[in-house]
Amino acid sequence: MIRAIIVEDEIPSRNTLRKMLIKHCPNVDSIHEARELNSGLESSIKNKPDLIFLDIQLSESNPKENGFELLKRIP
């Protein structure tokens, strides 16, 4: 089974993606969610996902908090 993380700051987008995964991807058995860079990093380290759905712009107020920065920080 596939473990996935959704890192998305917008709740409607996160909910839509989760619902689509549940409906169309039965092999995804674990879906964790995070809404910002630090919680996404913590979840990635803790859950060791096979797949990460990653929003590029995670914060309107902090342009340095983006998906590419998260990728750099994942061990």
Side-chain angles (χ1 to χ4, degrees):
M1 297 302 263
I2 296 172
R3 294 179 309 266
I5 295 176
I6 300 169
V7 183
E8 167 63 66
D9 61 328
E10 297 178 12
I11 294 170
S13 297
R14 210 168 50 234
N15 290 341
T16 298
L17 182 52
R18 180 179 14 85
K19 288 175 185 175
M20 291 175 67
L21 285 170
I22 291 168
K23 182 176 181 179
H24 299 290
C25 302
N27 55 339
V28 175
D29 73 336
S30 177
I31 303 170
H32 297 275
E33 298 178 22
R35 62 181 300 182
E36 46 89 27
L37 189 139
N38 289 331
S39 61
L41 179 60
E42 288 174 20
S43 185
S44 296
I45 293 169
K46 179 182 175 184
N47 298 299
K48 299 184 183 354
D50 302 300
L51 182 62
I52 299 176
F53 293 90
L54 184 57
D55 185 12
I56 299 302
Q57 188 61 45
L58 291 170
S59 171
E60 293 292 325
S61 62
N62 184 357
K64 290 187 177 187
E65 189 165 305
N66 62 61
F68 295 115
E69 186 61 33
L70 175 61
L71 288 176
K72 289 180 194 175
R73 294 183 187 187
I74 295 174

**Request:** Look up atom CG in Asp55 and atom CD in Glu65, then write down how far apart they are to the nearest 0.5 Å.
**Result:** 10.5 Å
**Asked** Take atom CE in Met1; do more than 12 heavy atoms of anything else shown fall under 6.0 Å from it?
**Response** yes
**Request:** Determine yes or no for a side-chain-to-main-chain donor-acceptor pair under 3.5 angstrom, with Glu10 supplying the side chain and Pro12 the backbone.
**Result:** no
**Asked** Out of curiosity, does Leu71 fall in the hydrophobic cluster containing Ile5 (side-chain heavy atoms, cut-off under 4.5 Å, transitive links)?
**Response** yes
**Prompt:** Donor-acceptor pair, Ser43 side chain versus Ser39 backbone, under 3.5 Å?
**Reply:** no
**Message:** Check for me, please, whether Phe53 and Leu70 land in the same ILVMFWY cluster - side-chain distances under 4.5 Å, paths through other members count.
**Reply:** no
**Nearest non-hydrogen partners of Glu36 and Leu58, listed with the distance** = C-CD1, 4.4 Å
**Message:** I want to check something: taking the side chain as every heavy atom from C-beta on, are Asn47 and Arg3 in contact at a cut-off of under 4.5 Å?
**Reply:** no
**Asked** What closest approach, in Å, do Ser59 and Gln57 show between heavy atoms, and which atom pair accounts for it?
**Response** O-NE2, 2.6 Å
**Request:** Enter the distance from Leu21:CG to Asn27:CG here, rounded to the nearest 0.5 Å.
**Result:** 9.5 Å
**Ile6 backbone acceptor or donor facing Arg14 side chain under 3.5 Å** = no
**Prompt:** Do NZ/NE/NH1/NH2 and the carboxylate oxygens of Glu42 and Lys46 come within less than 4.0 Å?
**Reply:** no
**Atom of Asn38, atom of Arg73 and distance for their closest heavy-atom approach** = OD1-NH1, 3.8 Å
**Item:** Hydrophobic cluster identity match, Leu37 and Ile74, side-chain contacts under 4.5 Å
**Value:** yes
**Request:** Mind listing the closest non-hydrogen atom pair of Pro75 and Ile45 along with its distance?
**Result:** CD-CG1, 3.9 Å
**Prompt:** From Lys72 NZ over to Leu41 CG, what is the distance, rounded to the nearest 0.5 angstrom?
**Reply:** 13.5 Å
**Request:** Give a yes or no on whether Leu51 and Leu17 share a hydrophobic cluster (residues Ile, Leu, Val, Met, Phe, Trp, Tyr; joining criterion: side-chain heavy atoms under 4.5 Å apart).
**Result:** yes
